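Keep in mind the model is a prediction, meaning the values are calculated, not measured. Values below: every heavy atom of this structure, side chains too, minus hydrogens, waters and symmetry copies.
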Amino acid sequence: MSENGQTRTIELPGTITVRDLAKTMDASPIEIIKTLMANGVMANINQQIDFDTAAIVAAEMGYEVTLETPEADEEEDQGEIPLWRRVIEEEDPAELETRPPVVTILGHVDHGKTTLLDAIRHTNVAGGEAGGITQHIGAYQAEHNGRTITFLDTPGHAAFTAMRARGAQGADLVILVVAADDGVMPQTKEAAAHARAAKVPIIVAMNKIDRSGADPDRVKQQLAEIGLVPDEWDGDTIVVPISAKQKQGLDDLLEAIVLVAEGLNIRANPRGRCIGTVIEAERDRARGVVATLLVQNGTLNVGDVVLVGNTYGRLRAMFDFRGRKIRKAGPSTPVSVMGLNDVPQAGDLFQVVSSEREAREKIEARIQAQQNAPAAAKSVTSLEQLFDRFQAGEVRELRLIIRADVQGSLEPIINSLNEMSEGDIKINILHAETGNIGESDIMLASASDAIVIGFNVQADSAARRLAEAEGVSIRLYDIIYRLTEDIEKALKGMLEPEEKETVIGHAEVRQIFHIKKVGNVAGCRVVDGEVRRNARIRVLRGGQSVFEGSVASLKHEQDDVREVRAGFECGLSIKGFDAFQIGDILESYTVEKVAVA
């Protein structure tokens, strides 16, 4: 209630966390949680609740609630909309038509994803085929009550997220498979986190209900605990009991997909600009490069010139998921194509251009831009850089993935971070789990522009390699207050980066030449790594550093060069130093600013 006793009106989105609801109503999160409990809803501070639940809580606390307009949501998420979605938004609304929903199936490794895909494929697809053999092209279509559904046959949430990391986000909704006898497992939580980070609706397929150990109520409780509250519990997640093996409940699942898709208003312009995503690609000995493409807007025709990354080609042939030759493919249609001059990368976006000449020109311009801007290579996103990007209006929240040794450590970390999320930058914990940091965490971070935080855990070697390749920052801690202190400093823009040194090579001084107006130049042989002209150099004598500075000149034979690699000789001079001695070791190293760990 306001001070004059009148009811205040607040606007809420379709879903909201307990923390954000408390902030909106200027109330204590504990007060909100107590009110929820009184209404039979168990929720933690970071849990999403739907609009109806939030409205009941708000009404009990003296507020009148209205639903936030969708336009505001679209505007807020503008920065994260994939290119192909932006292309559709630019189309004439009068030209847009309903297209089939694109569905991907995620879940724990042995909860029945493959069996479910096979069951849907054979029930809805194989009947019309000679011999019931389906050509595997990474995607296929099924029909239910006259509505077509496209399924992406991805191997798991890592592939789903890898596609999203490259701007694809091909799926309109996710089927999360959970075994009724096994319940929510770590991989289930990861898959749900990946789908939520992609802002894709989730339908839960509760599989293996025919098993003797099946316990649907326990599974629903576990789903509610990770923010997927079943619709029969007044949540917004449809949970469909199925048995993929016995082919039970498949019609109900397909009906749920159609129902959710209708609410999403999935549309495209079949006559508009043709753009889509590469699902998979390979080089076939007999047929050359074969790629599976998912058309997302426009219509793809045999004879079209397709440009994808630095690859292009005129399409010689197209096949549907049954392996039949076709001449054209509209929105949400998966097709296998021949004619590209090289193998494109899965997850890359393709577009149709007017001619092969235009494709070559665009590729040349792209390569030239890459050569002229080497600094544009993906660098590690640190806390400081995220803060700078927030000030520039590029990001609105600090996204974190948290791994801790035990649940007892994880909960206080989450609570502490949620309490901090009150300034201009919000903290969004995408995924929090116990155990070491793995590749899945890095893929989620890469796709979502997040930072991975570890407490009393390690990152495995594969995760570290992937983090380096994808530009993901991993920060490890063993004291909670240092972790929270760093995040707090970053939120306030106070975190000072430290300089990280990386040794890239060593050279041994073999001769010394005196050149007028230059001084002494060291004649060297590079013994390991490489020596770079733009790197720093350290003179080591008897294992001790006698000088550190920058390279003045670097020559191989008579030519000025950027770098000299192991096994080759070079002439090298250093700014401000020429007191070389034979046997000195010249250490080449780079220095970069990194976050304090």
Of all heavy-atom pairs between [X] and [Y], which one has the smallest distance, and what is that distance?
{"X": "Leu400", "Y": "Ala450", "answer": "N-CB, 4.3 Å"}
{"X": "Thr333", "Y": "Gly330", "answer": "OG1-O, 2.9 Å"}
{"X": "Arg316", "Y": "Gly339", "answer": "NH1-CA, 3.5 Å"}
{"X": "Ala463", "Y": "Ile437", "answer": "CB-O, 3.7 Å"}
{"X": "Gly249", "Y": "Val240", "answer": "O-CG1, 4.0 Å"}
{"X": "Ser243", "Y": "Asp210", "answer": "OG-OD1, 3.0 Å"}

4.5 Å side-chain heavy-atom contact, [X] and [Y]:
{"X": "Asn301", "Y": "Arg327", "result": "no"}
{"X": "Leu300", "Y": "Val352", "result": "yes"}
{"X": "Leu176", "Y": "Ile203", "result": "no"}
{"X": "Pro344", "Y": "Val289", "result": "yes"}
{"X": "Val452", "Y": "Ile442", "result": "yes"}
{"X": "Leu223", "Y": "Val184", "result": "yes"}
{"X": "Glu97", "Y": "Asn269", "result": "no"}
{"X": "Met318", "Y": "Lys325", "result": "no"}

Under 3.5 Å, is there a donor-acceptor pair linking the side chains of [X] and [Y]?
{"X": "Gln296", "Y": "Ser332", "value": "no"}
{"X": "Gln141", "Y": "Thr148", "value": "no"}
{"X": "Thr311", "Y": "Asp342", "value": "no"}

Is there a donor-acceptor pair closer than 3.5 Å between any side-chain N or O of [X] and the backbone N or O of [Y]?
{"X": "Asn297", "Y": "Pro331", "value": "no"}
{"X": "Arg403", "Y": "Thr434", "value": "yes"}
{"X": "Asp182", "Y": "Ala179", "value": "no"}
{"X": "Asp320", "Y": "Arg324", "value": "yes"}
{"X": "Thr299", "Y": "Pro270", "value": "yes"}
{"X": "Ser446", "Y": "Met443", "value": "no"}

Can [X] and [Y] be counted as an ion pair, charged N to O under 4.0 angstrom?
{"X": "Arg147", "Y": "Glu262", "answer": "yes"}
{"X": "Glu95", "Y": "Arg271", "answer": "yes"}
{"X": "Arg360", "Y": "Glu358", "answer": "no"}
{"X": "Arg357", "Y": "Glu361", "answer": "yes"}

Return the [atom1] to [atom2] distance between [X] and [Y], rounded to the nearest 0.5 Å.
{"X": "Leu259", "Y": "Ile257", "atom1": "CG", "atom2": "CD1", "result": "11.0 Å"}
{"X": "Thr277", "Y": "Ile275", "atom1": "OG1", "atom2": "CD1", "result": "8.0 Å"}
{"X": "Asp284", "Y": "Glu282", "atom1": "CG", "atom2": "CD", "result": "6.0 Å"}
{"X": "Glu280", "Y": "Thr292", "atom1": "CD", "atom2": "OG1", "result": "4.5 Å"}
{"X": "Glu530", "Y": "Glu563", "atom1": "CD", "atom2": "CD", "result": "4.5 Å"}
{"X": "Ile326", "Y": "Phe319", "atom1": "CD1", "atom2": "CZ", "result": "9.5 Å"}

* Trace of the salt bridge (charged side-chain N to carboxylate O under 4.0 Å, His left out) decision for Glu232 with Lys220 -> CA-CA 10 Å; Glu232 61 192 78; Lys220 287 174 187 174; 2.8 Å; yes
* Would you please classify the geometry between the Tyr140 ring and the Phe151 ring as parallel, tilted or perpendicular, with 30° and 60° separating the classes? => parallel
* Asked: Going through the distances and angles, do Phe321 and Ser336 end up as a side-chain contact (heavy atoms from CB on, under 4.5 Å)?
  -> CA-CA 7 Å; Phe321 64 93; Ser336 180; over 6 Å; no
* To do: Any chance you could lay out the side-chain contact (heavy atoms from CB on, under 4.5 Å) test for Leu228 and Ile202, step after step, and finish with the verdict?
  => CA-CA 8 Å; Leu228 299 175; Ile202 298 170; 3.8 Å; yes
* To do: Apply the side-chain contact (heavy atoms from CB on, under 4.5 Å) test between Arg314 and each candidate in Asp304, Asn341, Val305, Val306; give the one that qualifies.
  =>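 Checked Asp304, Asn341, Val305, Val306 against Arg314; only one passes side-chain contact (heavy atoms from CB on, under 4.5 Å): Val305.
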* Under the criterion side-chain contact (heavy atoms from CB on, under 4.5 Å), which of Val102, Ile149, Val200, Thr150 is the partner of Asp172? -> Val102
* Under the side-chain contact (heavy atoms from CB on, under 4.5 Å) rule, what do Val260 and Ile238 come out as? Steps first, then yes or no, please. => CA-CA 9 Å; Val260 171; Ile238 296 176; 3.6 Å; yes
* **Verdict with supporting geometry, Val174 and Val103, side-chain contact (heavy atoms from CB on, under 4.5 Å)** => CA-CA 6 Å; Val174 163; Val103 179; over 6 Å; no
* Report, as yes or no, whether the 6.0 Å neighbourhood of atom CZ on Arg218 holds more than 12 heavy atoms from other residues, nucleotides or ligands. =>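 Correct, the count exceeds 12.
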